[in-house]
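Below is one structure, written out as structure tokens; the observations come after it.
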2 protein chains.
Amino acid sequence: MTLPGEALALLGRTPLFAGVSPADLEPLLADFRLRRYATDSYIFREGDPGDHLHLLAAGEVKISRTTEAGGEAIFAVLGAGEVFGELAVLQENAVRSADAQALADTECFVLHRQALVAFLQAHPAVMWRVITVLSERIRRKDEAFSDLAFNDIPGRVARKLLELAEARGDLSGKGIQISVPISQRTLAGLVGASRENVNRALSRFASLGLIKVERGHITVVRPDELRRRGV
Amino acid sequence: MTLPGEALALLGRTPLFAGVSPADLEPLLADFRLRRYATDSYIFREGDPGDHLHLLAAGEVKISRTTEAGGEAIFAVLGAGEVFGELAVLQENAVRSADAQALADTECFVLHRQALVAFLQAHPAVMWRVITVLSERIRRKDEAFSDLAFNDIPGRVARKLLELAEARGDLSGKGIQISVPISQRTLAGLVGASRENVNRALSRFASLGLIKVERGHITVVRPDELRRRGV
DNA sequence: AGCCGCCTATGCCGCGCGTCACACACGACC
DNA sequence: GGTCGTGTGTGACGCGCGGCATAGGCGGCT
């Protein structure tokens with residue numbers, strides 16, 4: 001499925017490399033290696049040495065961190081076109097600071113540190129893109145932080161649902177269906193709450209008709225009502 | 001206090017511009033403007049239009065966000081040499097996403113978007129620095145997020161104290177004194193907790209002899225004990 | 001089919017934390 | 001010195017959330 005031509009097109013559609021001419025992009029392609037990961041397999045784990053950048057071609061990847069006690073904080077759930085593992089790339093001999101796990105059958109391009117550095121030095125415009133992407137990510141994390149500090153669980157769940165709907169929404173008949181199958185456990189990790197209480201929040205929203213919950217799928221029926229924090 | 005020569009030296013000591021030769025740095029100096037802010041005054045507020053980068057020359061700046069309800073989440077307390085307001089710089093016509101307030105008499109260099117962009121394009125090495133700084137910031141925010149999600153207030157306070165001691169520590173006789181005067185209210189905003197409970201945590205730590213609390217000043221006496229989460 | 005594992009759903013209990021309420025210490029300003 | 005504002009200490013109360021326990025549903029595997 002990922003012939004060279006397709007890979008090139010995919011790269012071009014990435015926020016990171018958008019705008020780079022295919023001619024410029026092509027040499028980079030040789031340095032990428034395509035890797036496949038089965039559902040639930042780990043792409044890397046916290047503590048692993050790592051100096052590769054990962055570009056998600058297809059599938060879903062969860063970036064998370066687990067505590068001794070068994071709790072899991074999920075920093076992000078990424079879809080096609082997004083980049084991860086970039087932190088370890090920036091310094092030599094770095095160590096991964098979180099786990100990356102495939103939530104679905106996933107393939108991603110893997111680029112070694114050196115190749116990336118060389119490419120970026122040759123293409124300052126892309127470097128600028130990197131800065132933009134990172135900045136946006138910081139903004140979102142600040143958002144998540146204050147969200148976690150101030151809002152109760154229903155509020156956080158509501159926000160996260162809207163966020164997911166925006167990022168991964170399929171307009172399906174009545175409402176926006178979140179296309180990724182996300183378990184309530186995962187959702188709990190994303191909003192920093194227990195699975196049970198996330199469930200309760202979802203149940204309440206559902207009974208109010210704001211959302212519709214099916215097994216592994218959630219449909220946001222009334223986004224604007226949900227935005228007003230379902231009680 | 002900030003003659004051109006000193007300003008140049010200060011720039012050179014910044015994580016961002018370290019390693020750039022003074023000769024290369026000098027043209028940039030002309031584009032900076034020095035601004036002073038009195039204690040408690042706002043450098044900018046959420047919603048302000050803003051396309052200037054701020055480089056902190058002296059003083060302390062608090063980056064925070066306030067809710068309608070009066071709560072305040074503090075994203076960072078920055079000291080000399082650190083940079084803020086970079087998010088708004090990256091896109092044209094951007095709007096500030098948080099407040100920046102001087103915690104002490106503060107002066108900072110202010111650089112307009114265009115000048116920065118021009119400089120960065122001329123100096124890819126500095127661009128790389130920017131990426132590094134941003135990445136490190138992301139890592140810290142992930143850290144803060146999982147901290148907030150998992151640890152109770154004493155634990156969070158302990159970590160934050162250690163962090164502050166490391167970043168702003170003065171070795172004073174017995175223990176590391178945090179050189180910035182930080183009110184318990186501020187500390188509360190940083191760890192996402194109420195002032196009262198932060199106080200209780202501090203009191204407990206103090207009674208255990210792990211820290212010493214004076215008006216506006218905290219001294220970490222036994223860092224390693226504190227790291228083990230004071231009960 | 002039958003078993004098993006994961007996800008979902010809901011009740012109950014205990015506790016941490018937010019909130020209110022009040023008292024004290026200290027510096028600023030008149 | 002008196003007053004006020006702000007930072008600090010501490011107690012009481014109520015609630016939201018985490019944890020456990022329980023039960024049903026659905027799919028996968030043999």
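Order of the sequence lines sets the chain letters (A, B, ...), proteins ahead of strands, with each chain counted from 1.
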Just jot down the side chain to side chain contact (heavy atoms under 4.5 Å, CB included) partners of [X], sequence neighbours excluded, or say none.
| X | value |
| --- | --- |
| B:Ala167 | none |
| B:Ser203 | B:Asn199 |
| A:Ala100 | A:Ile43, A:Phe44, A:Val61, A:Ile63, A:Phe84 |
| A:Gln101 | A:Asp40, A:Tyr42, A:Lys62 |

Which residues satisfy the ring-ring contact (aromatic ring centres under 6.0 Å, His included) test with [X], sequence neighbours excluded?
| X | value |
| --- | --- |
| A:His112 | A:His52 |
| B:Tyr37 | none |
| B:Phe145 | none |

Just grab all the ring-ring contact (aromatic ring centres under 6.0 Å, His included) pairs involving residues 146-198 of chain B, residues at least two apart or on different chains.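 Matches after skipping sequence neighbours: none remain.
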Please find the earliest and latest nucleotides of DNA chain C, in the 5' to 3' direction, that have an atom within less than 4.0 Å of any heavy atom of chain A.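 Extent of the interface on DNA chain C: C:dC6 to C:dC12.
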Closest heavy-atom contact between [X] and [Y]?
| X | Y | value |
| --- | --- | --- |
| B:Leu134 | A:Ser135 | CD1-OG, 3.6 Å |
| B:Val221 | B:Gly209 | CB-O, 3.7 Å |
| A:Glu214 | A:Thr219 | OE1-OG1, 3.9 Å |

Please give me every residue in residues 176-183 of chain B whose heavy atoms get under 4.0 Å of an atom in DNA chain C, ordered by residue number.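 Residues of residues 176-183 of chain B that come under 4.0 Å of DNA chain C do not exist, since none gets that close.
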Working to the nearest 0.5 Å, report the span between CG of A:Leu55 and CG of A:Leu111.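 The CG atom of A:Leu111 is 9.0 Å from CG of A:Leu55, to the nearest 0.5 Å.
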Rounded at 0.5 Å granularity, tell me how far CD in A:Glu72 sits from CZ in A:Arg195.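 One gets 13.5 Å once the value is rounded to the nearest 0.5 Å.
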Quick one: what's the B/S/- string for nucleotides 17-30 of chain D, heavy-atom cutoff under 4.0 Å, read 5' to 3'? SBBB----BS----
Gap between atoms CD and P, on B:Glu214 and D:dG9 respectively (whole Å):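 Going from CD in B:Glu214 over to P in D:dG9 covers 11 Å.
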Nearest whole angstrom, please: distance from the C1' of D:dT6 to the CG of B:Leu103. 15 Å
Note the angle between the end axes of the helix from C:dA1-D:dT30 to C:dC30-D:dG1, five pairs defining each, rounded to 10 degrees.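 Overall, the helix from C:dA1-D:dT30 to C:dC30-D:dG1 bends by 40° from one end axis to the other.
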